[in-house]
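Here the structure is laid out as structure tokens; the discussion comes afterwards.
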Number of protein chains: 2
Amino acid sequence: MGTTQLETAPEPKYWHLKTVLSEALDQDFAVGEVLPNERELAARFGVARATLRQALEQLELEGRLQRRRGVGTTVAPPRVGVAVGSAQHSWPGESVDGWEPVDAAETLPTAAVLKLLGTGGAFAADQPVHTVRRTRVTHGQAVAAELLYVPAASVPGLPAIEAPAGPARARAVLRELQRLVLDGQDRSVELGSARADDAKELDRLPGAPVLVVTTRYFTTAGTAAVSVATYRADTCRLTFGDSGNVEITHEPRVAS
Amino acid sequence: MGTTQLETAPEPKYWHLKTVLSEALDQDFAVGEVLPNERELAARFGVARATLRQALEQLELEGRLQRRRGVGTTVAPPRVGVAVGSAQHSWPGESVDGWEPVDAAETLPTAAVLKLLGTGGAFAADQPVHTVRRTRVTHGQAVAAELLYVPAASVPGLPAIEAPAGPARARAVLRELQRLVLDGQDRSVELGSARADDAKELDRLPGAPVLVVTTRYFTTAGTAAVSVATYRADTCRLTFGDSGNVEITHEPRVAS
DNA sequence: GAGTGGTCTAGACCACATC
DNA sequence: ATGTGGTCTAGACCACTCA
């Protein structure tokens with residue numbers, strides 16, 4: 001009977017820590033400011049470093065912090081809104097909203113790509129696809145890496161190998177694609193983790209959380225191309241529709 | 001000279017583990033099957049449990065695994081595609097795609113909500129907003145929890161307090177909203193972590209990764225309502241556009 | 001009560017950036 | 001060379017589910 005214990009909420013330490021840190025970030029830190037290092041923070045809060053890291057990880061996931069090995073932990077700026085899908089459908093590369101062609105190659109499609117193109121369609125596993133790599137830069141930072149798959153059958157006018165590997169070759173494929181009449185498109189967004197190559201392009205470690213945007217481009221003849229774009233989940237807010245420049249603060253969402 | 005060390009790739013153990021497990025899942029396990037427990041898996045691979053958990057965590061983030069305390073780790077089914085935003089704009093609740101009204105209340109808006117509604121607009125901080133809670137169920141499982149903010153000024157026809165708290169009250173607010181002429185809407189998607197209340201509704205632990213879909217509804221008079229919906233990131237693939245039922249496999253995306 | 005995943009600790013070493 | 005975050009270990013205990 002002695003200890004009444006009135007609901008001492010068995011809230012995990014790292015969760016409570018996250019809340020405390022979150023409030024401290026709002027009040028005592030400016031964007032870009034560096035936090036004390038992990039060992040000191042852990043000591044200051046009286047927890048093990050692993051526990052402190054669990055809290056930091058969450059805050060980084062929410063886009064509040066940015067951690068860089070060998071440098072330190074800094075307060076992240078608000079997420080940038082990147083437009084993904086305006087009202088008008090258009091081929092990749094038609095509007096110049098930050099996409100940079102990197103390279104292109106010709107390969108055989110994997111099962112996953114085949115499925116996206118439509119397994120039962122006109123494209124067979126032994127038909128080559130052009131694979132175009134692009135990156136997207138906004139406000140001076142790389143926010144997305146894309147792989148665009150264009151079945152060779154979609155762009156019959158494209159010579160087998162003409163431009164030297166590099167941006168020029170990527171541009172050639174895009175140019176050819178834009179000759180076609182776009183009939184519609186299809187988009188989905190899901191959470192993923194960055195593959196090694198994407199991570200490098202995005203200046204993150206492999207496994208970093210990314211938003212994977214998969215787009216299918218249709219002509220009357222069927223699926224003409226498929227794009228798989230991976231956006232940095234920590235720094236990006238994907239916007240749809242026409243007025244995409246909303247300011248959203250980091251303040252806690254309201255409870256009912 | 002002795003040890004040539006030909007590129008022994010300092011790949012982290014957990015990353016390699018993840019790859020190995022991923023392949024094992026493709027080949028040796030069926031959806032719904034339970035894996036050996038963490039202690040045994042760790043022993044089998046000769047790593048500490050924490051390292052094994054780091055790999056499992058990634059796989060869960062990618063929607064390949066499902067872990068439940070007290071139960072075990074099971075192979076997750078492919079992500080379900082949930083339609084979020086058809087071509088036609090419409091008020092929440094107009095089409096019955098799985099949303100269930102839960103409750104409604106009247107509160108004062110937080111700074112964050114005010115900003116979404118438009119700080120410079122007709123809505124002031126001392127004007128109450130109706131807060132409607134809804135949940136979305138697809139294929140028998142809860143996939144999303146939503147908070148809809150409707151400034152009282154948007155629905156002047158709504159009596160102050162009429163229906164008893166509960167679904168009926170939520171429905172009353174939605175019904176009133178649908179009287180207005182929708183002029184446009186605005187959507188953004190970002191990564192977040194589930195708050196305690198959302199987590200409970202989604203049958204996940206607090207902090208679980210979620211996709212936060214923020215929608216603003218416009219009338220000619222300005223922003224009439226704002227919706228913040230949190231989708232389970234592990235089980236959901238958000239689809240936009242009209243043909244949203246694409247099958248996407250878990251196979252590794254192709255490299256260039 | 002037995003078995004599961006979730007949390008936490010106190011250390012160690014490594015990879016990287018910077019001076 | 002120093003200091004940072006990233007990885008890893010070998011334990012411990014807790015919260016939960018289910019028979």
Side-chain angles (χ1 to χ4, degrees), chain A residues 5 7-19 21 33-61 64-76 193-194 196 199-200 203-209 234, chain B residues 5 7-19 21 33-61 64-76 193-194 196 199-200 203-209 234:
Chain A
Q5 275 286 96
E7 295 191 36
T8 43
E11 191 181 49
K13 269 190 194 177
Y14 78 92
W15 185 261
H16 180 244
L17 236 186
K18 182 195 139 184
T19 310
L21 283 170
E33 197 168 342
V34 304
L35 270 60
N37 72 54
E38 297 184 348
R39 288 161 181 87
E40 185 181 331
L41 277 178
R44 189 179 300 185
F45 287 105
V47 299
R49 192 177 153 219
T51 305
L52 185 268
R53 277 181 61 82
Q54 209 170 344
L56 293 184
E57 204 165 294
Q58 285 247 355
L59 289 170
E60 190 179 29
L61 204 77
R64 314 270 328 252
L65 292 179
Q66 194 156 345
R67 298 190 286 176
R68 272 173 307 172
R69 165 151 53 177
V71 179
T73 302
T74 59
V75 180
S193 47
K200 194 177 176 184
D203 190 30
R204 303 270 13 183
L205 290 174
D234 54 346
Chain B
Q5 273 289 97
E7 295 190 36
T8 43
E11 191 181 49
K13 268 190 195 175
Y14 78 91
W15 184 261
H16 179 244
L17 236 184
K18 182 195 138 184
T19 310
L21 283 170
E33 198 168 342
V34 305
L35 269 61
N37 72 54
E38 297 184 348
R39 288 160 180 88
E40 183 179 332
L41 277 178
R44 190 178 299 184
F45 287 105
V47 299
R49 191 177 153 217
T51 305
L52 184 267
R53 277 180 62 80
Q54 209 170 345
L56 293 184
E57 204 165 294
Q58 284 248 355
L59 289 169
E60 190 180 28
L61 204 76
R64 312 272 328 255
L65 292 179
Q66 194 156 344
R67 297 191 285 176
R68 273 173 305 171
R69 166 153 52 178
V71 179
T73 302
T74 57
V75 180
S193 47
K200 193 177 175 187
D203 190 31
R204 304 269 11 179
L205 290 174
D234 54 346

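Chain A is the first sequence line, chain B the second, and so forth, proteins listed ahead of strands; every chain is numbered from 1.
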Once side chain to side chain donor-acceptor pair (under 3.5 Å) is applied, do any residues pair with A:Glu33, and if so which ones, sequence neighbours excluded?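 Per chain and number, A:Glu33 pairs via side chain to side chain donor-acceptor pair (under 3.5 Å) with no residue.
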
[X] has a side chain; which of [options] sits nearest to it?
| X | options | answer |
| --- | --- | --- |
| B:Arg67 | C:dC8, C:dG5, D:dC8 | C:dG5 |
| B:Pro12 | D:dG6, C:dC8, D:dC8 | D:dC8 |
| A:Ala48 | D:dT7, C:dA10, C:dG6 | C:dA10 |

Quick one: is [N] close enough that its OP1 or OP2 comes under 4.0 Å of any side-chain N or O from [X]?
| X | N | answer |
| --- | --- | --- |
| B:Tyr14 | D:dC8 | no |
| B:Thr73 | C:dG5 | yes |
| B:Thr51 | D:dT7 | no |
| A:Lys13 | C:dG6 | no |
| B:Asn37 | C:dT4 | yes |

Compare every heavy atom of [Y] with every heavy atom of [X], then report the nearest pair and how far apart it is.
| X | Y | value |
| --- | --- | --- |
| A:Lys13 | A:Val47 | CD-CG1, 4.0 Å |
| B:Ser193 | A:Lys18 | OG-NZ, 3.5 Å |
| B:Tyr14 | B:Thr51 | CB-O, 3.8 Å |
| A:Ala55 | A:Leu17 | CB-CB, 4.0 Å |
| B:Val75 | B:Leu65 | CA-CD2, 4.3 Å |
| B:Glu57 | B:Arg67 | CA-NH2, 3.6 Å |

Inter-end axis angle, the helix from C:dG1-D:dC18 to C:dT18-D:dA1, with every axis fitted to five base pairs (rounded, 10 degrees):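 Roughly 10° between the end axes, to the nearest 10°.
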
Length of the line joining [X]:[atom1] and [N]:[atom2], which is rounded to integer Å:
| X | N | atom1 | atom2 | result |
| --- | --- | --- | --- | --- |
| B:Arg53 | D:dT9 | CZ | P | 15 Å |
| B:Leu59 | C:dG5 | CG | P | 14 Å |
| A:Gln58 | C:dT7 | CD | P | 9 Å |
| B:Gln54 | C:dT7 | CD | C1' | 15 Å |
| B:Glu60 | C:dG5 | CD | P | 11 Å |
| A:Gln66 | D:dT4 | CD | C1' | 15 Å |
| A:Phe45 | C:dT9 | CZ | P | 13 Å |
| A:Lys18 | C:dT7 | NZ | P | 12 Å |

What string of B, S and - do you get for nucleotides 11-19 of chain D, 5' to 3', when a contact is any protein heavy atom under 4.0 Å? -BB-BBB--

Using a 4.0 Å heavy-atom cut-off, does B:Leu205 contact any base of the nucleic acid, only the sugar-phosphate backbone, or nothing at all?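 Since only primed, P, OP1 and OP2 atoms lie under 4.0 Å of B:Leu205, the category is sugar-phosphate.
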
Using only atom types and a distance under 3.5 Å, with no angle test, would you say the side chain of A:Glu60 pairs donor to acceptor with the backbone of A:Asp234?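 No: the side chain of A:Glu60 does not pair with the backbone of A:Asp234.
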
Within a 6.0 Å radius of atom CZ on B:Arg49, are there more than 12 heavy atoms belonging to other residues, nucleotides or ligands?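 Above 12, so yes.
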
Give a yes or no on whether A:Asn37 atom CG has more than 12 heavy-atom contacts from other residues, nucleotides or ligands under 6.0 Å away.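 Counting neighbours around CG of A:Asn37, more than 12 heavy atoms of other residues, nucleotides or ligands fall under 6.0 Å, so yes.
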
